[in-house]
Protein chains: 4
Amino acid sequence: MAAPDRGRDPDRTRADILDVATAEFADKGYTGARVDEIAARMSTTKRMIYYYFGNKEQLYIAVLERAYTGIRTIEQGLDVEHLDPVDAIRQLAGLTFDHHESHPDFVRLVSIENIHRAAHITRSSVLSGLADPALDVLTTILERGRDAGVFRADVDPLDVHMVISAFCVFRTANRHTFNAIFKRDMLDPGLREHYREMLGDLVLAHVAAR
Amino acid sequence: MAAPDRGRDPDRTRADILDVATAEFADKGYTGARVDEIAARMSTTKRMIYYYFGNKEQLYIAVLERAYTGIRTIEQGLDVEHLDPVDAIRQLAGLTFDHHESHPDFVRLVSIENIHRAAHITRSSVLSGLADPALDVLTTILERGRDAGVFRADVDPLDVHMVISAFCVFRTANRHTFNAIFKRDMLDPGLREHYREMLGDLVLAHVAAR
Amino acid sequence: MAAPDRGRDPDRTRADILDVATAEFADKGYTGARVDEIAARMSTTKRMIYYYFGNKEQLYIAVLERAYTGIRTIEQGLDVEHLDPVDAIRQLAGLTFDHHESHPDFVRLVSIENIHRAAHITRSSVLSGLADPALDVLTTILERGRDAGVFRADVDPLDVHMVISAFCVFRTANRHTFNAIFKRDMLDPGLREHYREMLGDLVLAHVAAR
Amino acid sequence: MAAPDRGRDPDRTRADILDVATAEFADKGYTGARVDEIAARMSTTKRMIYYYFGNKEQLYIAVLERAYTGIRTIEQGLDVEHLDPVDAIRQLAGLTFDHHESHPDFVRLVSIENIHRAAHITRSSVLSGLADPALDVLTTILERGRDAGVFRADVDPLDVHMVISAFCVFRTANRHTFNAIFKRDMLDPGLREHYREMLGDLVLAHVAAR
DNA sequence: GATGAATGAGATTTCATTCAT
DNA sequence: TATGAATGAAATCTCATTCAT
């Protein structure tokens with residue numbers, strides 16, 4: 001007659017807390033998020049949050065750490081070897097484009113963390129200094145393009161990454177003010193392909209041999 | 001020996017409050033900002049903030065309104081008529097580039113407002129629906145470039161604006177996480193000209209006739 | 001081109017303040033009433049309220065004093081001499097019935113003053129100990145009825161007054177809770193004559209010779 | 001030597017808060033009551049009031065709800081079946097008479113709630129629309145009296161209830177202004193039986209067959 | 001007489017965190 | 001492990017009143 005004993009699976013409880021906390025922090029920001037609210041949205045009690053994570057800040061850091069692991073693996077699906085460099089670049093940009101569109105919580109958490117001047121990322125041994133593996137893939141592509149004579153020799157991979165990120169982050173992160181002022185929803189599905197192609201064009205223009 | 005009587009100049013008092021509030025909101029976010037802290041940084045009392053602005057939210061909206069008026073006038077200095085379209089586009093992009101670099105508080109406020117899903121902008125009769133006049137200047141430039149045969153005919157001014165904003169906003173707004181992860185400070189003065197030129201190239205590539 | 005100089009008529013200004021203050025106090029109670037709100041509802045400023053009345057409490061007392069003067073004169077219209085006692089009693093009850101129905105603000109002020117245990121009435125030299133002149137009229141009627149053999153000899157005028165007041169005050173003062181619980185609006189115009197007659201019957205039954 | 005641990009008995013803590021809050025609200029009115037004062041009168045802290053009741057208004061509603069439950073049960077003790085209708089009516093009126101005399105806080109809360117136009121009662125799912133069970137008892141008595149030929153056939157139970165309430169509420173609620181103006185304390189013990197009988201007479205005169 | 005700005009004291013409410021069991 | 005009760009510190013906001021002109 002007892003309720004299903006969820007309490008006996010610590011990993012599950014931890015993951016549940018992280019799910020709810022991610023939603024709450026992404027929704028309200030670090031300061032605006034409420035520990036009470038996180039507890040209220042779960043079957044676990046507030047005391048458990050402190051048991052598993054210590055305090056609000058450590059919980060937030062754990063949320064950040066898990067959120068960042070998601071994007072680190074997106075480039076795995078890219079078969080760099082069998083694509084010509086131009087297609088590879090376009091597909092790589094598309095991966096970030098797709099990811100940011102479908103993970104607004106991640107993009108919001110990054111914005112929030114920047115408001116806090118990356119104070120928590122810096123405090124996390126997991127995140128601090130963990131360069132995005134995307135750069136390796138990108139570097140490989142750029143080298144192959146240069147060898148093929150289609151890309152410039154002096155392209156900085158991090159600049160390419162920056163252009164892709166700026167476009168994709170802005171489209172999601174600044175969606176609301178952009179829409180409020182210009183009455184255009186950058187996430188309108190009808191504009192999706194237009195923006196996706198536009199990003200590819202921009203990046204290719206940047207890396208192209210002159 | 002009396003303290004300078006700032007009290008009897010309401011416009012000055014109001015402006016002082018806005019200055020301090022802008023710094024506080026940009027620094028801590030809407031929720032993290034403290035009315036107490038704003039009052040403590042001035043010679044005016046906390047009570048005056050409520051006297052002039054009603055409550056925290058209206059003060060924040062007033063801060064947003066004033067911050068947005070700053071950027072709306074930056075394009076005025078651009079002498080569109082006497083520039084050839086290519087130079088004009090490059091200079092226009094440079095204006096936003098310079099503005100966002102020198103107004104990190106504005107960029108932070110925009111990020112903060114997006115975290116709140118533009119709830120306050122929407123509530124402001126001043127800001128809501130007030131399209132950036134930059135678009136008019138941009139439209140003029142694009143038309144002249146098209147007439148001169150150097151720009152494509154189907155360029156959307158808002159897309160151009162988006163590319164410029166995305167680049168300039170990202171450089172300032174995401175500076176901290178970018179630096180924490182990739183160890184590159186996008187606001188490093190030594191990189192300034194490189195980024196400024198890179199932006200111009202990107203925008204011109206986007207609008208160029210093929 | 002100057003605005004009409006209302007300021008130069010102190011009596012008028014005083015009366016205006018009292019009008020607005022009466023509405024505010026009757027609406028929100030003594031504690032709930034806001035000096036700011038009273039000032040906001042007038043063209044006069046808040047400072048004038050203090051100039052004319054000293055403070056919130058004295059303003060409230062002035063409101064009470066003026067409100068009580070209204071009911072003191074309602075019995076004047078009653079031609080006791082030419083009415084037979086039974087008609088006179090019924091008409092007297094009707095006067096209070098009509099007055100309280102048409103002066104809900106007065107009835108509310110009395111309720112409010114009772115919540116404060118008549119502390120302000122006691123403090124007012126005008127109101128304290130100023131017995132309602134209605135009692136004189138009432139006493140005359142009762143005497144004439146007794147002499148005519150239609151009323152009991154031992155009727156206490158104050159008891160009659162109490163019965164009339166209880167009925168008329170309750171109908172107005174307790175209208176809202178009565179309606180909330182029993183779904184009957186005691187001030188429904190369709191019930192007016194029923195209640196008016198009922199009151200007359202009650203009072204006459206009380207004074208009638210057995 | 002430790003203070004008695006009242007803390008770990010939530011029901012007791014809740015009830016204690018309600019006791020003190022009832023006294024405070026009845027004493028000062030809704031607006032005049034101070035949450036600080038309620039806390040100061042107990043061993044519990046102010047914070048607990050919010051923990052248990054959410055905010056001042058909900059606490060006030062809880063006070064109202066409990067106060068109203070008291071009067072709803074007073075008619076239970078009336079043995080309608082074994083009383084003749086005339087005695088039953090007189091006893092029923094006496095129950096309200098006694099209750100209101102001995103529960104001035106309840107009567108004051110009702111006055112206060114009427115000043116607020118029953119806004120909180122309406123908001124309470126418990127109180128809104130919960131007709132007083134007294135009406136059932138009253139209806140039964142009236143029917144038996146009618147069948148016995150001693151009461152009129154067209155008596156409205158709610159009118160009878162209104163007469164009883166008006167008299168009993170007025171005696172307690174308007175005690176202070178009545179005494180201030182007419183120098184008669186309606187709650188003077190020496191007048192008690194006089195008023196009690198007077199009420200019975202009034203009600204019986206109203207329901208009596210003609 | 002009249003005005004808008006200013007103010008101190010105090011009101012309600014919030015929130016991360018810990019205690020006792 | 002788990003839980004509901006408890007809490008101190010601090011947050012936002014209010015209000016009658018007075019000052020300087």
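The chains referred to below are lettered A, B, ... by the order of the sequence lines, with proteins before strands, and numbering in each begins at 1. Please read all numbers here as calculations on a predicted model, not as lab measurements.
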From CD of B:E37 across to P of F:dC13 the rounded distance in Å is 16 Å
In whole angstroms, the gap separating P of F:dA5 from CD1 of D:I17 amounts to 12 Å
Any non-hydrogen side-chain atom of A:I112 less than 4.5 Å from a side-chain atom of A:F25? no
When both distances are under 3.5 Å in a Watson-Crick or G-U wobble arrangement, the nucleotide paired with E:dA20 is F:dT3
Closest to the [X] side chain: [options]?
{"X": "A:D36", "options": "F:dT14, F:dA16, E:dA16", "answer": "E:dA16"}
{"X": "C:Y50", "options": "E:dG4, F:dT17, F:dG4", "answer": "F:dT17"}
{"X": "D:R34", "options": "F:dG8, E:dA11, E:dT13", "answer": "E:dA11"}
{"X": "C:N55", "options": "F:dT17, F:dT1, E:dT12", "answer": "F:dT17"}
{"X": "B:K56", "options": "F:dT17, F:dT7, F:dT12", "answer": "F:dT12"}
{"X": "A:V35", "options": "E:dT7, F:dG4, E:dT17", "answer": "E:dT17"}
{"X": "B:K46", "options": "E:dA5, E:dG10, E:dA2", "answer": "E:dG10"}

- Task: Kindly say if A:Y52 contacts the phosphate of F:dA2, meaning a side-chain N or O under 4.0 Å from OP1 or OP2.
- Result: yes
Query raised in the report: Is there a donor-acceptor contact under 3.5 Å linking the side chains of D:T22 and D:D105?
Result: no
- Query: Just checking D:A39: base, sugar-phosphate only, or nothing, at a heavy-atom cut-off of under 4.0 Å?
  - Reply: nothing
Expressed in whole Å, how much space separates the C1' atoms belonging to E:dG1 and F:dT21?
-> 13 Å
On a heavy-atom basis, the closest approach of D:K56 and D:T31 is NZ-O, 3.4 Å
